[in-house]
Amino acid sequence: MRRSFVLLLLASILSGCGAVPSVSGAAVPGVPLPWPAEGQSAVEVEGVGSLGVSGDPHPVPIASVTKVMTAYVILRRHPLRPGDDGPLVTVDRTAADESYAPVESTVPVREGRRIRLRRLLELMMVPSGNNVARLLARWDSGTQERFVERMNATASRLRMAGTTYTGASGNEDSTVSTAADQLKLAREAMRDPVLREVVAQAATAVPGDARRLPNTNTLLNKHGVIGIKTGSGTAAGGNLMWASRVRGRLVLGVILGQAAGTDPATAKAAALEAGDRMSAAVERWLLDPRTSHENGLRRTGG
């Protein structure tokens, strides 16, 4: 009788709990992170290491998080210094025609208009202009297909074994990756000072247009968040690559596959909500005096 009562009590407790995601690879055990119950995610802290990887690590669509690789490849091939606006790029007819695509995230650019590279990077990364991503691919490599080859070669160099790019914008569901792979890219991308500046901007604008285009990453300036990119789609769900700085330490995280199968707006909101919880938890952990004492952490510059 007593054994039956205990089993019944245990079943009652478990039935009131949500699914607990499988978390592996944690370099610092016991970090209290609210891992998403769906999709996959990965988090690391500069000077500490991995805080873990959750979920099924199979490659999934990543939507506009793809643009991080696009920006990274562009800046490696056309480096800019902080304060440098870079060369002028002419808007072609294709980018202008795509400005008003009804089912894509685009920005309004006019054929023949010449826009500095730095501003085009902003228009791609801040309001997430798909047409600008493809424009930059053609400007750099002649065709988007040739640029995609460069993206995949870069992914191979970074040992992103679960990643395949098929476009520069992320509009294709055939572009797939994993949270662990995208964390490798985040680490490399955030080393570029111009890219850091671009993704930290709350808004930007098309030259000659007074309208401000807000950053799709509404976590900016919360919990130390300083970037980096959202992405959403029906198949991809909501995706987020974020960076934050807490006590001088760079925190990097990736969340993929939130509310997949819903509409893009709902999915993006789910990814941002999960990112808010995760970034807040890492901030609390790093600000807790016991964290520094127990793990021998010291404040770093930056």
Side-chain angles (χ1 to χ4, degrees), residues 63-101 104-151 153-154 165 167-171 185-186 188-218 220-221 225-231 241-243:
S64 285
V65 171
T66 298
K67 295 183 178 83
V68 178
M69 178 61 88
T70 301
Y72 178 70
V73 172
I74 288 288
L75 284 169
R76 279 182 59 84
R77 290 174 52 77
H78 310 275
L80 298 179
R81 294 187 298 272
D84 180 6
D85 290 331
L88 286 164
V89 178
T90 301
V91 176
D92 62 18
R93 177 176 294 182
T94 300
D97 289 346
E98 291 174 349
S99 291
Y100 304 100
E104 285 194 65
S105 172
T106 63
V107 295
V109 289
R110 290 183 294 135
E111 181 183 0
R113 186 68 185 263
R114 302 179 75 202
I115 303 175
R116 295 285 180 183
L117 176 58
R118 165 65 186 256
R119 183 62 63 90
L120 287 174
L121 288 169
E122 294 174 9
L123 292 171
M124 177 178 66
M125 297 297 287
V126 176
S128 201
N130 285 358
N131 57 330
V132 174
R134 295 188 288 262
L135 170 63
L136 286 173
R138 292 190 297 273
W139 170 75
D140 173 84
S141 301
T143 67
Q144 181 180 205
E145 291 73 21
R146 175 59 180 150
F147 185 80
V148 168
E149 292 177 5
R150 300 187 193 282
M151 296 172 75
T154 302
Y165 292 101
S169 70
N171 191 52
L185 175 59
E188 294 295 318
M190 289 301 286
R191 289 175 177 161
D192 188 295
V194 171
L195 185 54
R196 290 199 303 268
E197 290 177 355
V198 167
V199 299
Q201 290 189 203
T204 188
V206 176
D209 191 328
R211 289 172 294 178
R212 300 295 289 170
L213 304 173
N215 200 315
T216 60
N217 182 6
T218 56
L220 281 176
N221 303 316
V225 172
I226 56 175
I228 174 173
K229 190 75 190 72
T230 63
M241 177 190 290
W242 92 86

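Please read all numbers here as calculations on a predicted model, not as lab measurements. These numbers come from the heavy atoms of this one structure, side chains and all, not from hydrogens, waters or symmetry mates.
Here the shortest heavy-atom pairing between Leu220 and Gly227 reads CD2-N, 3.4 Å. Across every non-hydrogen atom of Pro127 and Ser105, the tightest pair is O-OG, 3.2 Å. Here the shortest heavy-atom pairing between Ala95 and Asp92 reads N-OD1, 2.8 Å.
Within a 6.0 Å radius of CZ in Arg77, more than 12 heavy atoms belonging to other residues, nucleotides or ligands are found.
A distance of 12.5 Å separates NZ of Lys67 from CE of Met241, quoted to the nearest 0.5 Å. The distance from atom CZ of Arg191 to atom CG of Leu75, rounded to the nearest 0.5 Å, is 15.0 Å. Interatomic distance, Leu185 CG to Thr154 OG1, rounded to the nearest 0.5 Å: 9.0 Å. Here the CG-CD distance, from Leu135 to Gln144, works out to 11.0 Å after rounding to the nearest 0.5 Å. Of the inter-residue distances, the one linking Met125 atom CE with Glu197 atom CD reads 13.5 Å to the nearest 0.5 angstrom. Thr106 OG1 to Asn171 CG: the interatomic distance, rounded to the nearest 0.5 Å, is 10.5 Å.
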Stepwise side chain to side chain contact (heavy atoms under 4.5 Å, CB included) test for Phe147 and Val73: CA-CA 9 Å; Phe147 185 80; Val73 172; 3.7 Å; yes
Run the numbers on Arg134 and Glu104 for salt bridge (charged side-chain N to carboxylate O under 4.0 Å, His left out), then give the verdict. CA-CA 12 Å; Arg134 295 188 288 262; Glu104 285 194 65; 3.0 Å; yes
Would you check, one step at a time, whether the test side chain to side chain contact (heavy atoms under 4.5 Å, CB included) holds for Arg119 with Val206? CA-CA 8 Å; Arg119 183 62 63 90; Val206 176; over 6 Å; no
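Between Trp139 and Leu117, the closest side-chain pair of non-hydrogen atoms falls below 4.5 Å. Within the 4.5 Å cutoff, the side chain of Ile228 has no heavy atoms near those of the Arg196 side chain. A heavy-atom distance below 4.5 Å is not found between the side chains of Val109 and Glu98. For the pair Ile74/Leu120, no side-chain contact is recorded, criterion being any heavy-atom separation below 4.5 Å from C-beta on. Counting heavy atoms from C-beta outward, Glu122 and Leu213 have side chains that stay 4.5 Å or more apart. Two residues are said to be in side-chain contact when any heavy atoms from C-beta on lie closer than 4.5 Å; Val91 and Arg110 fail this criterion. In this structure, Pro207 and Arg116 have side chains that are not in contact, with every pair of non-hydrogen atoms separated by 4.5 Å or more.
Side chain to side chain, Lys229 and Thr66 fail the donor-acceptor criterion of an N or O pair below 3.5 Å. Checking Ser128 against Ser64 by side-chain atom types alone, a donor-acceptor pair falls below 3.5 Å.
For the side chain to side chain contact (heavy atoms under 4.5 Å, CB included) with Ser141, the qualifying choice from Glu149, Arg150, Met151 is Arg150, the only one to do so. Partner of Thr230 under the side chain to side chain donor-acceptor pair (under 3.5 Å) criterion, chosen from Asn217, Thr218, Thr216: Thr216.
Formation of a donor-acceptor pair under 3.5 Å by the Thr204 side chain with backbone atoms of Leu123 is not found in this model. At least one donor-acceptor pair under 3.5 Å links the side chain of Asn131 to the backbone N or O of Val107. For the pair Thr70 (side chain) and Ala168 (backbone), a donor-acceptor distance under 3.5 Å is present. Judged by distance alone, the side chain of Asn215 and the main-chain N or O of Gln201 form a donor-acceptor pair under 3.5 Å.
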